[in-house]
Protein chains: 2
Amino acid sequence: MPATIRDVAKAAGVTIGTVSRALNNYSDVNCHTRERILRVAQELGYRPNQMARSLSSKHSKNIALVLSGFLEDTMLNDFETMLMKGIYQFAFEHGIDIAMYVINSRTQKEKSYEQLCYEHNIAGAILFGLKTNDPYCEALAASHRPCVTIDTEVRGPCISNVTLDDVTAFDELTQYLIDRGHRKIVLVHGRKNAMVSMERLVGAYQAFTRNGLTLTHDSIIYTNFLREEAVAGVGAYFRTHTPDSATAFLCMSDMLAIGTIEALKSLGYRVPDDYSVVGYDGLEVANYTDPKITTVDQNIKEKGYEAAHLLYDMLNGIRPAQKLVLPHTLVERESVKNLNELSN
Amino acid sequence: MPATIRDVAKAAGVTIGTVSRALNNYSDVNCHTRERILRVAQELGYRPNQMARSLSSKHSKNIALVLSGFLEDTMLNDFETMLMKGIYQFAFEHGIDIAMYVINSRTQKEKSYEQLCYEHNIAGAILFGLKTNDPYCEALAASHRPCVTIDTEVRGPCISNVTLDDVTAFDELTQYLIDRGHRKIVLVHGRKNAMVSMERLVGAYQAFTRNGLTLTHDSIIYTNFLREEAVAGVGAYFRTHTPDSATAFLCMSDMLAIGTIEALKSLGYRVPDDYSVVGYDGLEVANYTDPKITTVDQNIKEKGYEAAHLLYDMLNGIRPAQKLVLPHTLVERESVKNLNELSN
DNA sequence: CTGAAAGCGCTAACAC
DNA sequence: GTGTTAGCGCTTTCAG
């Protein structure tokens, strides 16, 4: 059994109160005594029982990562993975443990946010995958517990949001295609009501308009962000459109780009020779396709790192709740043909 | 603030001891009283404070998933993701929370296994990513805490292992190539000292020998399971070998297969027309490549589910520690050419 | 500066 | 059956 505070106290010849004070960096401890206590604690391999600690003090410093919709989403949870990488990188560098919990819209109804935090002794949480109408959004706003949401805008006194400028990023991506001579662009659209879809649509619209192009309903393929739907949608598109009605496919996600490329290939077209395709997200997998996909990297790993950092600072009172807009990066790879260049 | 046991006791007109007994399904409670207590608890939204509970009772039922090497591995942690899917699927179906913790070889030295469990009130753990010489392997063996390791063989009275028959699976995969007329097979090998590499090597060796083929050092490309190394290795191979010295590449992982295909393509070869390639693992990403990769699916998601199930049963005393060998599946896709068929 | 003591929310003996 | 009570390991007053 692990050593308790009592063991340390006995070994150091003081009372548990003093040990507690020494270990919690209280100022009113004789530095000689403190040193002895620290040494003894070290020797005994003593580590405070966090449960007892927070049961007694009524608060903890535990940070949790709360993932919603993990089980429902696509098979390849590249997004969550990258996010976790960033978060645990921070945890690793700062020597803290971060527990991860998986929830979904159903479990949110069964167990309230406060309940979850209470049961697991969570001082502050990083939340990802929350839909705008999820129960936890309201709960977050009402809570006094510091938290950071990623890619979901929730307002509240203790809530930080880490996002990126989706509108601008998608605008840039669209402009990238236009700059390379593409004027007949098909938009492969994500889930209709999703916030991200709408923002990206605005970005595309901005770029189209600025360049004197019009975005017609006819040249939009709707999906729910699923690869198979992109495959089907592109197939359907060419059944009602001539081959020269498009030169490029502007996809709202990398998975949609993968599906689009798959469909184009199966129709006997080459990418990017016959059609150009761009994705959005910056998933690792977009690097393993043929051709490698030109995309906007959301820097999701960095988002994770910064979210953890921010929450850590909030819990330690060195940064207030805030909205953090992280930069994105246009990653130029192999899936776009420059139509302005002379074709030899 | 959440209701405490005292609030429930007062509202139900009994003492906290009775409430505790009622809630913990003790038999010696008047069924009428119990009903009232349960109703009151429900009304008050009372949920027991797990920390206080286990601080007092000295044990919990909490299950944790402990991932090692998550930060060090390849970018695409498809394996961990699938595993998590399986585990959280089980948690979801059974209404339990499973916390995940990320560790690595370094943190294993800093915080002992017992310490980790102690601090986070973990009754039993599922461990993944443990290397055979990691500190936690010994700790596990010495511990009295039930646990399940995935893909790492650790022996001990309370330890279960969930694995697959790597040797047989790789043997089958090799035989698959041989059955399709391949006799000049290059083995793209994983990390030299890794247990999985060794087992797969044995599988390949078995199949080779059985079919009168010899596995020569000359036709093995060594890697550390990294895609880039496969790319480089295949490139190097063709600098010292003639194009007709091989017809197929037998890769120890899907990522290596992806790298191999990438290298072959960049050399101007077609897959599978010029060379066949098989992978191993059954990652989702092997479905998004061109061609889609024929591979052995380790059914990692199912492994996760079964591991959680087993640990759950162990903690509830309905199954003893055991070794579980899960089935694998050869998934035939597009990356292998049948040399026995007449080429038209 | 340090000791003594109350109490966090709960379980588990032990009475009655 | 139910009340009472002693802790679990720790923090936090309050004395001195």
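Letters A, B, ... mirror the listed sequences (proteins, then strands); counts begin at 1.
- Regarding A:Ile16, its CD1 atom lies at a distance of 10 Å from the C1' atom of C:dA4, rounded to whole Å.
- We find that CD of A:Gln50 is positioned 18 Å from P of C:dG9, with the value rounded to whole Å.
- At a threshold of 4.0 angstrom between heavy atoms, the contacts of A:Asp28 include nucleobase atoms, whether or not backbone atoms are also involved.
- The environment of CD in A:Gln42 is sparse: at most 12 heavy-atom neighbours from other residues, nucleotides or ligands sit within 6.0 Å.
- If B:Lys58 and B:Thr15 are placed on DNA chain D by their nearest nucleotide, the residue sitting closer to the 5' end is B:Thr15.
- Distance from the side chain of B:Leu55 is smallest for D:dC8 among the nucleotides C:dT11, D:dC8, D:dT2.
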All N/O pairs under 3.5 Å across the protein-nucleotides 13-16 of chain D interface:
residue : atom : partner : partner atom : Å
D:dT13  : O4   : A:Arg21 : NH1          : 3.3

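- Checked for salt-bridge contact, B:Arg39 and B:Glu35 miss the test: no charged N lies under 4.0 Å from a carboxylate O.
- Looking at B:Thr107, its side chain never comes within 3.5 Å of a backbone N or O of B:Ile103 through a donor-acceptor pair.
- Looking at heavy-atom distances under 4.0 Å, A:Ser57 makes contact with sugar-phosphate atoms alone, never a base.
- Of the possible donor and acceptor atoms, none in the side chain of A:Asn24 sits under 3.5 Å from a partner among the backbone N and O of A:Tyr26.
- Phosphate proximity of C:dC8 to A:Tyr118: absent, as no side-chain N or O sits under 4.0 Å from OP1 or OP2.
- A donor-acceptor contact shorter than 3.5 Å links the side chain of B:Asn62 to the backbone of B:Asn121.
- Look at CG on B:Leu23: it is 14 Å from P on D:dT2, rounded to the nearest Å.
- Across all strands shown, A:Ser20 has heavy atoms under 4.0 Å from base atoms, whether or not it also approaches the sugar-phosphate.
- To the nearest angstrom, C1' of C:dC10 lies 13 Å from CG of B:Asp7.
- Without hydrogens or angle criteria, A:Lys61 side chain to A:Gly124 main chain gives no donor-acceptor distance under 3.5 Å.
- Atom C1' of nucleotide D:dC10 and atom CG of A:Asn62 are separated by 15 Å, given to the nearest angstrom.
- The phosphate of C:dT2 (OP1 or OP2) has a side-chain N or O of A:Thr33 nearer than 4.0 angstrom.
- Remark: side-chain polar atoms of B:Asp7 are paired, donor with acceptor, to backbone N or O of B:Thr4 under 3.5 angstrom.
- Between the side chain of B:Ser54 and the main chain of B:Gln50, a donor-acceptor pair closer than 3.5 Å is present.
- Across the protein-nucleic acid pair, B:Lys10 atom NZ and D:dG3 atom P stand 15 Å apart, rounded to whole Å.
- Considering only the side chain of B:Val14, D:dG3 comes nearest among C:dC10, D:dT11, D:dG3.
- Distances shown here put a side-chain N or O of B:Thr18 below 4.0 Å from the OP1 or OP2 atom of D:dG3.
- The separation between B:Ile37 atom CD1 and C:dT11 atom P is 12 Å, rounded to whole Å.
- Taking only side-chain nitrogens and oxygens, A:Arg53 comes nearer than 4.0 Å to OP1 or OP2 of D:dT11.
- The CG atom of B:Asn24 sits 17 Å away from the P atom of C:dG9 (whole-angstrom rounding).
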